Amino acid sequence: MVQQLLPGVQLSDTADFPSFLAADNIELVQLLQQIPTAARNEPNVFISAAAGSGKTHLLQASCRQAQQAGWSAFYLPLEIIDTMEPEVLNGLENFQLVCLDDVETIAGSQDWEEALFHCFNRLQSSGSMLIVSSHEAPAQLPIQLADLKSRLEWGLLYHIKTLTDQQRIQALQLRAHLRGFKLPEKTANFLLTRMPRDMATLFEMLDTLDTASLSEQRKLSIPFVREVLAGGVGP
C-alpha cells in the first residue's frame, strides 16, 4: 500500500533518515528506522522539539520508511487546520502509520481536541502506529480535554536534543555532501556565526548558497558566502 497525503501536502524530497544527523538523538532515530517492527513493541511515540530541530523531518522520514516497508502511511501537519475540518481525522485507523505534526496547534479547539481523542482511540483499536510531534511535551500542552492529554502521554516520549555548534557544522556538511558539493568547515563555521542556529534556517541558506554557487560557478569560500549574505550575489 502506498503513502497517502492530503491534497497539497507533500513530503520533502530531503526528508529521509540518511540526511538526518542523529548525533545525541540516536535512540529515537534507530527506533523510527525500525518501522514497522517497532510498532509491535510500542505503537505510540510522542516527539517534542524546539522549532527547527528536525521533528518534521523525522515524521516525514518515518512515512517514507513505512512506505518502503509496504505499509500505508498518512502524514498531516496540523498547523494547516485552518484549511480543513476535524473530519479529516475520520478513517485514519485504516492506515498502518499515522504521523501528526505540530499537535499544539489544536490546543483550545474543542472540535479538534475531541476529534483527535476519538481518532486516537480508533487507532489503538485498529493496531495502527501513531507518531505525534509538538514543540512542547504533553504535560506542557494547553490541551483542555483531559482524556486527550492523558492519551498523548501514553507510549514513548522523546525530546529531540539540540545540536552543538560542531554537530550543526557536521549536519551542514552532510547535507552539502548529499547534494553533491563540498562545504569547507571554515565556511560552515562562518555561516554558523552569522545566521540563526536552527537547522531549518541554516539548511535553507545552504540551499540558497548552492544555487548561487552553481549560477556563479564559484566555490563556497568565505568571501563568496559573505557576498551572498550581503545580497551582492543572487541565487
Side-chain angles (χ1 to χ4, degrees), residues 3 5-30 32-33 47-68 73 75 77 79-80 83 99 101-102 133 135 158-235:
Q3 164 191 315
L5 299 169
L6 290 176
V9 178
Q10 296 183 356
L11 298 182
S12 169
D13 291 339
T14 60
D16 55 26
F17 290 114
S19 63
F20 186 86
L21 183 70
D24 297 326
N25 301 293
I26 186 65
E27 181 180 340
L28 169 60
V29 173
Q30 288 180 339
L32 299 178
Q33 285 179 314
I47 302 172
S48 62
S53 296
K55 63 180 182 56
T56 295
H57 186 119
L58 288 180
L59 262 64
Q60 294 194 9
S62 296
C63 281
R64 186 165 275 119
Q65 181 87 2
Q67 181 184 19
Q68 292 171 354
Y75 169 78
E79 64 179 1
I80 66 170
T83 67
C99 293
D101 208 355
D102 297 311
S133 85
H135 290 145
Y158 283 94
H159 179 75
I160 297 179
K161 298 178 179 66
T162 303
L163 298 180
T164 65
D165 282 352
Q166 185 57 43
Q167 289 169 343
R168 288 185 176 96
I169 290 173
Q170 293 172 6
L172 287 168
Q173 291 180 315
L174 173 61
R175 178 65 64 92
H177 173 73
L178 293 173
R179 291 193 58 150
F181 66 97
K182 183 177 181 181
L183 178 66
E185 183 169 352
K186 288 184 178 179
T187 303
N189 187 63
F190 177 83
L191 182 62
L192 195 65
T193 61
R194 285 158 176 79
M195 295 288 297
R197 278 172 157 71
D198 69 276
M199 293 312 303
T201 301
L202 288 169
F203 284 149
E204 183 178 351
M205 177 51 66
L206 186 65
D207 292 344
T208 297
L209 290 170
D210 181 28
T211 302
S213 69
L214 289 173
S215 175
E216 298 292 322
Q217 292 296 297
R218 294 172 62 181
K219 294 182 178 179
L220 292 185
S221 64
I222 290 178
F224 177 69
V225 171
R226 184 183 287 115
E227 286 183 52
V228 175
L229 293 178
V233 178

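Bear in mind that the values here come from a model prediction, so they are computed numbers and not experimental data.
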Under 3.5 Å, side-chain donor or acceptor atoms of residues 188-196 against the rest of the protein: list the pairs with distances, not counting sequence neighbours.
from : atom 1 : to   : atom 2 : distance (Å)
T193 : OG1    : F190 : O      : 2.8

Would you give the length of the straight line joining atom CZ of R64 to atom OG of S12, rounded to the nearest 0.5 angstrom?
7.0 Å
Expected output: side-chain H159 to main-chain I47 donor-acceptor under 3.5 Å
no
Determine whether D207 and R179 make a side-chain contact, defined as any pair of heavy atoms from C-beta on separated by less than 4.5 Å.
yes
So, the side chain of R168 versus the backbone of R197: is there a donor-acceptor pair under 3.5 Å, distance only?
yes
Nearest-0.5 Å distance that lies between atom CD1 in I26 and atom CG in L21
9.0 Å
Could you grab the distance from atom CG of L32 to atom SG of C99, nearest 0.5 Å is fine?
8.0 Å
Quick one: does any side-chain atom of Q217 pair with a main-chain N or O of L214 as donor and acceptor, under 3.5 Å?
yes
Quick check for you: to the nearest 0.5 Å, what is the distance between D16 atom CG and L58 atom CG?
10.5 Å
Do any N or O atoms from the side chain of S215 and from the backbone of T211 form a donor-acceptor pair under 3.5 angstrom?
no
Just checking E204: does its CD atom have more than 12 heavy atoms from other residues, nucleotides or ligands closer to it than 6.0 angstrom?
no
Out of curiosity, D24 CG to T164 OG1, how far, rounded to the nearest 0.5 Å?
7.5 Å
Checking P184 now: which residues fulfil side-chain contact (heavy atoms from CB on, under 4.5 Å) with it, not counting sequence neighbours?
T187
Donor-acceptor contact below 3.5 Å, side chain N25 vs main chain L28
no
Kindly compute the distance separating NZ (K55) from CG (D102), expressed to the nearest 0.5 Å.
3.5 Å
